[in-house]
Amino acid sequence: MIKFNNRTNLMEAIEFNYLLNDVKDPNLYRDVYPYDEIPKVTFNHTRVPIRMPDDIFITDTSFRDGQQSRAPYTVDQMVTLYEMLHRLGGPQGKIRQSEFFLYSKKDREAVYRCLELDYEFPEITAWIRANKDDFQLVHEMGLKETGILVSCSDYHIFKKLKMTRKEAFDHYLGIVKQALEVGIIPRCHLEDITRADFYGFVVPFAMALKSLSNESGVPIKVRACDTMGYGVTYPGAALPRSVQGIIFGLNHHAQIPSEQIEWHGHNDFYKAVNNSSNAWLYGASGVNCTMLGIGERTGNTPLEAMVFEYAQLKGTLDGMDPTVITEIASYYEHEIGYKVASNTPFVGKNFNVTRAGIHADGLLKNEEIYNIFDTDKFLNRPTLVSISAHSGLAGIAHWVNSYYQLKEEEAVDKNSALVCRLKRFVDQEFEQGRIGIMSDEELANYVEFLKSNGGVL
Ligand SMILES: CC(C)C(=O)C(=O)O
């Protein structure tokens, strides 16, 4: 009989109760997920402490979850992108790992070619079908870690796998033991954690993993997968949707160390970035991302966004080189043929382009007024103004200065003769019924025309 004579004992007693709850019928959380209604956020007003680990990092799944959602990359494309991830992550390995399929000959060739580059970071890890042969393959290819699927909601356990919780629990532990037997670090992907019974399945399972980890001395990883993007960060939100509750519970109740916890988000409710940052704040060292957020349905957490989340939370880039983000976006557009929406933060064609004349006026007076940070320095993307009916003299002056790279005393202002001539040209275009912006080429051609007719510049 445990005596509750202080808070520690009380907490321990509560923790003793985290036993697998082998229910007869699935718990589908119908109060939260009625399916024929919009999912609901429920609150139990429980707050958990913020405790961001000192070492936080990004892991990449562009070649696994990312690739699942699009035409496969060629081997050359994967090697080029991997090399860019290496440069982006910098010498401290802030892009810590990247995971690869090993299914086909082509998948394995990509791994061998990336291994040949001999980079410490991102460490190449695997994603496999969980069977003995595949574990052996991971081992033979010289990889240390592999992801394995341990789906944890009753949607998956009962409805997809047609198992009971106890059967799934034992089955998964058996797979984890097989990995340990061949000396591979298992990374357990807790699929659909935001619809899972947290105290009735997730915590007991994570506690079993912790025991295996202690026994074997192998740091078994736990990846919390918000497969459908249901996670929320509202203070006091209840499980299973609370991101902070999940991370705190894995860390505190199941005693999984922060460096072994990762968050894997999806963007179905526009929350992937915020949920990932919260996972860091509440104790996960890793956030799992894809380049440009490419992934199933609405995508995964965009890796480039987490570079800037990192810099904001830590106050430093810790050696990451964000200018590589612009190279990655350009490579996707020009070599892979992927169209990035023009208003996508950090990478879209127009992410730092201003159109309104009044904003352009501000930009011309001082760039900081309408630019999020020195985008030229951090992304090789100087601010731009695109010329529309509303750009005004200031907008045109900014366009001239950025297009012709005129700095300081060379720069023109809104009273210059060239700017006034261009403004008349632009006004005429829109008076004649034009819709849509003026392209750089049209404006530059008109400047050429003025020059060749003895005009200004
Ligand atoms: C398949 C699993 C591991 C996943 O990627 C997810 O849950 O999003």
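In each ligand, atom 1 is the first atom listed, and ligand 1 is the first ligand listed. Quick note: numbers below take in every heavy atom, side chains included, and nothing from hydrogens, waters or symmetry partners. Position 1 is the first residue of the sequence, and the numbers go up from there.
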- Task: Please examine the side chains of K314 and M52, heavy atoms only from C-beta on, and report whether any two atoms are closer than 4.5 Å.
- Result: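 Contact flag for M52/K314 side chains = yes.
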- Query: Do Y230 and H266 have ring centroids that are under 6.0 Å from one another?
  - Reply: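 Ring centres of Y230 and H266 not closer than 6.0 Å.
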- Query: Centre of F201's six-membered ring, under 6.0 Å away, within 45 degrees of the axis: is that where NZ or CZ of R165 sits?
  - Reply: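 No, a cation-pi geometry is absent between R165 and F201.
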- With R64 as the cation and F101 as the aromatic partner, state whether NZ or CZ is under 6.0 Å from the six-membered ring centre and within 45° of the axis.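 Here R64 fails the 6.0 Å and 45° test against F101.
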- Task: Considering only NZ, NE, NH1 and NH2 on the basic side and carboxylate oxygens on the acidic side, decide whether E109 and K105 come within less than 4.0 Å.
- Result: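 Answer for the salt bridge query: no.
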- Are any of the side-chain nitrogens in R297 or D268 under 4.0 Å away from the carboxylate oxygens of its partner?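 Yes, this pair counts.
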N/O to N/O under 3.5 Å, ligand 1 against protein:
from     : atom 1 : to   : atom 2 : distance (Å)
ligand 1 : 5 (O)  : R64  : NH1    : 3.1
ligand 1 : 5 (O)  : R64  : NH2    : 3.0
ligand 1 : 5 (O)  : D65  : OD2    : 3.1
ligand 1 : 5 (O)  : H264 : NE2    : 3.2
ligand 1 : 7 (O)  : T227 : OG1    : 2.5
ligand 1 : 8 (O)  : H264 : NE2    : 2.9
ligand 1 : 8 (O)  : H266 : NE2    : 2.9

